[in-house]
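Heads up, the thing below is written out as structure tokens.
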Amino acid sequence: MLEEFDLPKEIVDREVKKMTMISPTNKEVQIGQTLKDHEYIGMVRREVLDDFLRKRASENGAQLINGLFLGMQLPQKKGESYVLTYNDYNSAEGASRNGEKKTLEVDVVIGADGANSRVAKDIGAGDYAYAIAFQERMRIPDDKMEYYKDRAEMYVGEDVSPDFYAWVFPKCDHVAVGTGTVIDKKGIQKYQQGIRDRAAPRIAGGEVLRVEAHPIPEHPRPWRVKDRAALIGDAAGYVTKCSGEGIYFAAKSGRMCAERIVTNSEKGTRMIDEYDLKEYIREWDAKYGATYLVLDLLQKVFYTTDAQRESFVELCEEEYVQTVTFDSYLYKTVQGNNPIGDLKLGWKTLTSLWKNSNKKPDEMRTLV
């Protein structure tokens, strides 16, 4: 993303080159040795990334409005404008908390307003299943922070999530400790306590700086385009299974949609229509559809029971798995073009799943 979107490395808090996978019995597998010298997973804070993108958009001519989008009136006949209603917080003197209600007429709407998208609701895009991601940003003692300077941890187990994973990710001067779930949203606090307990030896003495919770889409919405309105990012449901990543796909879908509008409108000299915007959807599905299907399958296979999760962590010891996993994550397309490697991995997966499903679980290990 840094290269593709010309982002400065200064916005990256941590360059993660080590990933520790931790099984339900606290078996630890270190992955990352297949990374090349220039490769890493960049850890950023959204407030830093978003602020940079916002300022750059303004410098390039975008008109920024500090406001809250309330809804929109759809065109009643061909060629009519969309009428957006919003609370403007910049112009309301002495009323910045409530804002001043205003309207804005536009030709095209790109709904980039997140999982609870009002644009999606207004165009009847349909609902989707979603996960709740919950995390605490925590400042931990310096000696413990040193361990996380270039390392991220992923924990799996029924105690930390019934269908996802929990994490400890490094930020600038603190760590983010969190978890997520689709099937038991009401139990999110229980699972958060689970990750705090599991990671306790490594985050002991931590001070909570901020608590965050966000909905994360589980699959694309049934409809992502209507007339001259299109959805991108979380609003469209572009978040991958297994990893729960959405930032790159939000940026990529925004760029692909905008480029299609610029091209098909002949740089603004003709009005686009629904067919023009559907070209962006077709391009997106052709490029990333397989990635979403594979990761959906992997989540169903490995995130269901603790026995399956043990197998998942075991398989992460395989160098071939690490290469395919990191390459797929870093470059956003499913890797793995080695038929022999794929066959060996398939056999190891089946034998590991059978073994762990038919034996007594190992004793719980203690993290050091």
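All heavy atoms count here, side chains included; hydrogens, waters and symmetry mates do not.
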Does any part of the side chain of Lys101, heavy atoms only, come nearer than 4.5 Å to the side chain of Tyr86, both counted from C-beta? no
From CD1 (Ile281) to SG (Cys257), nearest 0.5 Å: 7.5 Å
Taken to the nearest 0.5 Å, the spacing of Glu266 CD from Met271 CE works out to 13.0 Å
Show your working on side chain to side chain contact (heavy atoms under 4.5 Å, CB included) between Phe52 and Leu7 and close with a plain yes or no. CA-CA 9 Å; Phe52 171 81; Leu7 302 177; 3.6 Å; yes
Polar contact flag, side-chain donor to acceptor under 3.5 angstrom, Ser352-Glu314: yes
Decide whether Glu100 and Tyr89 meet the rule of one side-chain donor and one side-chain acceptor closer than 3.5 Å. no
Please check this pair: side chain of Ser81 against backbone of Val83, looking for a donor-acceptor N/O pair closer than 3.5 Å. no
Flag for Gln308-Thr305: side-chain donor and acceptor within less than 3.5 Å: yes
Residues Glu28, Arg202: salt bridge by 4.0 Å N-O rule: yes
With the side chain counted from C-beta on, respond yes when Phe164 and Gln299 share a heavy-atom pair under 4.5 Å apart, and no when they do not. yes
Here the pair of heavy atoms bringing Ala235 nearest to Ala120 is O-CB, 4.5 Å
Under 3.5 Å: donor-acceptor pair, side chain of Asp113, backbone of Arg118: yes
Parallel, tilted or perpendicular, as decided by the 30° and 60° cut-offs, for the rings of Tyr165 and Phe169: tilted
So, are Glu212 and Lys171 salt-bridged, with charged N and O less than 4.0 Å apart? no
Any chance CD of Glu363 has more than 12 other-residue heavy atoms, nucleotides or ligands included, within less than 6.0 Å? no
May I ask you to check whether over 12 heavy atoms, not counting those of Lys355, lie within 6.0 Å of atom NZ? yes
Could you list the residues that satisfy side chain to side chain donor-acceptor pair (under 3.5 Å) with Asp197, not counting sequence neighbours? Gln193
Close side-chain approach of Leu277 and Ile261, heavy atoms under 4.5 Å: yes
Count the heavy atoms of every other residue, nucleotide or ligand shown that sit under 6.0 Å from CG of Asp142, and state whether that count exceeds 12. no
Hey, are Gln192 and Thr179 close enough side-chain-wise for a donor-acceptor pair under 3.5 Å? no
Which residues, ordered by chain and number, are linked to Phe134 in its hydrophobic cluster, where ILVMFWY side chains connect at heavy-atom gaps below 4.5 Å, directly or through other members? Ile22, Tyr130, Ile132, Met138, Ile140, Met145, Tyr147, Tyr148, Tyr155, Val160, Val168, Val175, Val177, Ile188, Ile195, Ile203, Val208, Val211, Leu367
Is there side-chain contact between Lys252 and Lys287, with heavy atoms separated by less than 4.5 Å? yes
Closest heavy-atom pair and its distance - Val313, Met21: CG1-O, 3.9 Å
Mind checking what makes salt bridge (charged side-chain N to carboxylate O under 4.0 Å, His left out) contact with Lys149, not counting sequence neighbours? Glu146
Would a single hydrophobic cluster contain both Ile247 and Trp284, if residues Ile, Leu, Val, Met, Phe, Trp and Tyr are joined by side-chain heavy-atom contacts under 4.5 Å? yes
Joint hydrophobic cluster, Met19 plus Tyr303, side-chain heavy atoms closer than 4.5 Å: yes
Least distance between heavy atoms, Ser253 atom then Gly233 atom: OG-N, 3.0 Å
If you group Ile, Leu, Val, Met, Phe, Trp and Tyr whenever their side-chain heavy atoms sit less than 4.5 Å apart, what else falls in with Trp354? none
Please report the shortest heavy-atom distance between Pro217 and Gly237, naming the atom on each side. CB-CA, 3.6 Å
Using a strict 4.0 Å threshold on nitrogen-to-oxygen distance, state whether Asp51 and Lys55 make a salt bridge. yes
Are Val12 and Phe5 connected, step by step, through hydrophobic side chains (Ile, Leu, Val, Met, Phe, Trp, Tyr) whose heavy atoms are closer than 4.5 Å? yes
Here's one to test your reading of the geometry: is the NZ or CZ of Arg221 within 45 degrees of the ring axis of Tyr128 and under 6.0 Å from its centre? yes
Is any side-chain N of the basic residue among Arg54 and Glu59 closer than 4.0 Å to the acidic one's carboxylate O? no
Hey, are Thr181 and Asp163 close enough side-chain-wise for a donor-acceptor pair under 3.5 Å? yes
Salt bridge between Arg198 and Asp159, side-chain N to carboxylate O under 4.0 Å? yes
Determine whether more than 12 heavy atoms belonging to other residues, nucleotides or ligands lie under 6.0 Å from atom NZ of Lys359. yes
Closer than 3.5 angstrom, by distance alone: can the side chain of Asp296 be matched with the main-chain N or O of Tyr292 as a donor-acceptor pair? no
Mind listing the closest non-hydrogen atom pair of Ala251 and Met1 along with its distance? CB-CE, 3.6 Å
CG/Asp37 to CD/Glu39 distance, rounded to the nearest 0.5 angstrom? 9.0 Å
Could you tell me whether the side chain of Asp306 and the main chain of Glu158 form a donor-acceptor pair under 3.5 Å? yes
Taking Asp227 for its side chain and Ala229 for its backbone only, find out whether a donor-acceptor pair lies under 3.5 Å. no
Quick one: does NZ or CZ of Arg282 land under 6.0 Å from the six-membered ring centre of Tyr275, within 45 degrees of the ring axis? yes
Do other residues, nucleotides or ligands put more than 12 heavy atoms under 6.0 Å from the NZ atom of Lys185? yes
Does a side-chain N-to-carboxylate-O contact under 4.0 Å join Asp276 and Arg270? yes
Rest of the hydrophobic cluster containing Leu209 (Ile/Leu/Val/Met/Phe/Trp/Tyr, side-chain heavy atoms under 4.5 Å)? none
Would you call Glu310 and Lys27 a salt bridge, using N to O less than 4.0 angstrom? no
Would Arg14 and Asp150 pass as an ion pair if we require N to O under 4.0 Å? no
When you compare the side chain of Gln135 with that of Arg210, does any pair of heavy atoms fall below 4.5 Å? no
Can you find a side-chain donor-acceptor pair between Arg196 and Tyr191 that sits under 3.5 Å? no
With heavy-atom distances below 4.5 Å as the criterion, would you say the side chains of Thr85 and Phe69 are in contact? no
Could you state the interatomic distance from OH (Tyr40) to CG (Leu35), rounded to the nearest 0.5 Å? 12.0 Å
Supply the atom-to-atom distance Glu279 CD to Glu274 CD, rounded to the nearest 0.5 angstrom. 12.5 Å
Decide yes or no for Cys172 and His174: does some side-chain heavy atom of the first lie under 4.5 Å from some side-chain heavy atom of the second? yes
To the closest 0.5 Å, what do you measure between CG (Asp234) and NE2 (His214)? 10.0 Å
Set of residues satisfying side chain to side chain donor-acceptor pair (under 3.5 Å) with respect to Arg45, sequence neighbours excluded: Asp13
Do the non-hydrogen side-chain atoms of Glu4 and Tyr248 ever get within less than 4.5 Å of each other? yes
Could you tell me whether Glu319 atom CD has more than 12 heavy atoms of other residues or ligands within 6.0 Å of it? no
Phe302 and Phe312 aromatic centres sub-6.0 Å: yes
Looking at every non-hydrogen atom in both residues, tell me the closest pair between Met256 and Tyr288 and how far apart they are. SD-CE1, 4.4 Å
Given 3.5 Å as the limit, does a donor-acceptor pair link the side chain of Asn264 with the main chain of Ile272, or not? no
Between Thr20 and Arg151: side-chain donor-acceptor atoms closer than 3.5 Å: yes
